[in-house]
Engineer: 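To start, I am sharing the structure in question, which I have written as structure tokens.
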Amino acid sequence: DAAVSDSCGSDQTETIPTLERLEEAGRKPETFNADAGFVSADNIQGAEEMEVDLLGPIAGGPEKEDRLHLRNFEFNEAGEVICCPEGHSPLRKEEDKNTQEPRVHYFFDRATCEACPQAPQCPVIRDELRQGQSKPPSPSKKRNPPKLTTTEKDRIIAQRKQRQETDEFKETYKIRS
């Protein structure tokens with residue numbers, strides 16, 4: 001399949017239409033190798049819905065290496081966070097569907113997070129620590145447990161970044177790179 005487009009436009013809008021044209025022609029691939037310009041959370045999800053493995057890296061600049069990121073957390077098969085990089089499970093999760101993009105909040109134990117050696121780098125509590133909010137509460141104020149908030153797109157991107165680090169991904173993708 002081929003399409004002509006501006007060199008200054010994004011290829012991300014072409015991924016799903018290309019897969020649809022290939023499917024209509026009876027040539028839908030099991031795996032679609034693409035460069036980063038074709039890969040986004042929406043395209044990964046759209047390809048999965050078509051039962052196609054969109055194989056390519058997520059575009060974007062380097063992440064700050066002095067921080068932990070969502071990709072450092074462990075997910076179960078359903079895409080839910082099951083533990084932090086230190087192996088601690090969330091106490092509970094809450095879904096918030098009252099936002100434009102639904103969010104999932106994973107609540108962790110405050111004492112565990114505050115005592116964690118990775119707390120200054122961890123997205124669960126680092127913002128509180130940076131803002132000086134992680135101090136003993138006043139007796140009249142109950143503090144909420146620290147939380148990790150994610151969206152479906154966040155999860156898809158984090159899991160792709162995890163996959164990109166595997167030897168299997170690197171070996172399979174090297175045909176494209």
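From a predicted model like this one, the values you see are computed outputs, not experimental measurements.
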Engineer: Applying side chain to side chain donor-acceptor pair (under 3.5 Å), name anything that partners Lys161, two or more places apart in sequence or on another chain.
Structural biologist: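 Counting only residues at least two positions away or on another chain, Lys161 forms a side chain to side chain donor-acceptor pair (under 3.5 Å) with Glu63.
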Engineer: Please write out which residues are connected to Leu91 in a hydrophobic cluster, directly or through intermediates, given that two of Ile, Leu, Val, Met, Phe, Trp, Tyr count as joined at side-chain heavy-atom separations below 4.5 angstrom.
Structural biologist: none
Engineer: Considering residues at least two apart in sequence or located in another chain, which fulfil the side chain to side chain donor-acceptor pair (under 3.5 Å) criterion with Gln159?
Structural biologist: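 Side chain to side chain donor-acceptor pair (under 3.5 Å) check on Gln159 returns Arg155.
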Engineer: If the condition is salt bridge (Lys or Arg N to Asp or Glu O under 4.0 Å), which residues does Asp109 pass it with, not counting sequence neighbours?
Structural biologist: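 Applying salt bridge (Lys or Arg N to Asp or Glu O under 4.0 Å) to Asp109 gives none.
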Engineer: In chain order, what residues pass the side chain to side chain donor-acceptor pair (under 3.5 Å) check against Thr150, with sequence neighbours excluded?
Structural biologist: none
Engineer: Under the 4.5 Å side-chain heavy-atom rule for ILVMFWY, direct or indirect, which residues accompany Phe73?
Structural biologist: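 Direct or chained contacts put Phe73 with Leu70, Phe75, Val81, Val104, Tyr106, Phe108, Val124, Leu148.
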Engineer: Please list, chain by chain and in numerical order, all residues satisfying ring-ring contact (aromatic ring centres under 6.0 Å, His included) with Phe169, sequence neighbours excluded.
Structural biologist: Tyr173
Engineer: Could you list the residues that satisfy side chain to side chain donor-acceptor pair (under 3.5 Å) with Glu80, not counting sequence neighbours?
Structural biologist: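 With sequence neighbours excluded, Glu80 shows a side chain to side chain donor-acceptor pair (under 3.5 Å) to Asn76, Lys93, given in chain and number order.
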Engineer: Which residues pass the salt bridge (Lys or Arg N to Asp or Glu O under 4.0 Å) test with Asp96, not counting sequence neighbours?
Structural biologist: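 Partners of Asp96 by the salt bridge (Lys or Arg N to Asp or Glu O under 4.0 Å) criterion come out as none, since no residue qualifies.
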Engineer: Applying side chain to side chain contact (heavy atoms under 4.5 Å, CB included), name anything that partners Lys28, two or more places apart in sequence or on another chain.
Structural biologist: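 Side chain to side chain contact (heavy atoms under 4.5 Å, CB included) list for Lys28, sorted by chain: Glu23, Glu51, Val52.
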Engineer: Checking Glu20 now: which residues fulfil salt bridge (Lys or Arg N to Asp or Glu O under 4.0 Å) with it, not counting sequence neighbours?
Structural biologist: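 Once residues adjacent in sequence are excluded, Glu20 has no partner under the salt bridge (Lys or Arg N to Asp or Glu O under 4.0 Å) criterion.
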Engineer: With sequence neighbours excluded, tell me which residues meet salt bridge (Lys or Arg N to Asp or Glu O under 4.0 Å) with Arg160.
Structural biologist: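 By the salt bridge (Lys or Arg N to Asp or Glu O under 4.0 Å) rule, Arg160 matches no residue at all.
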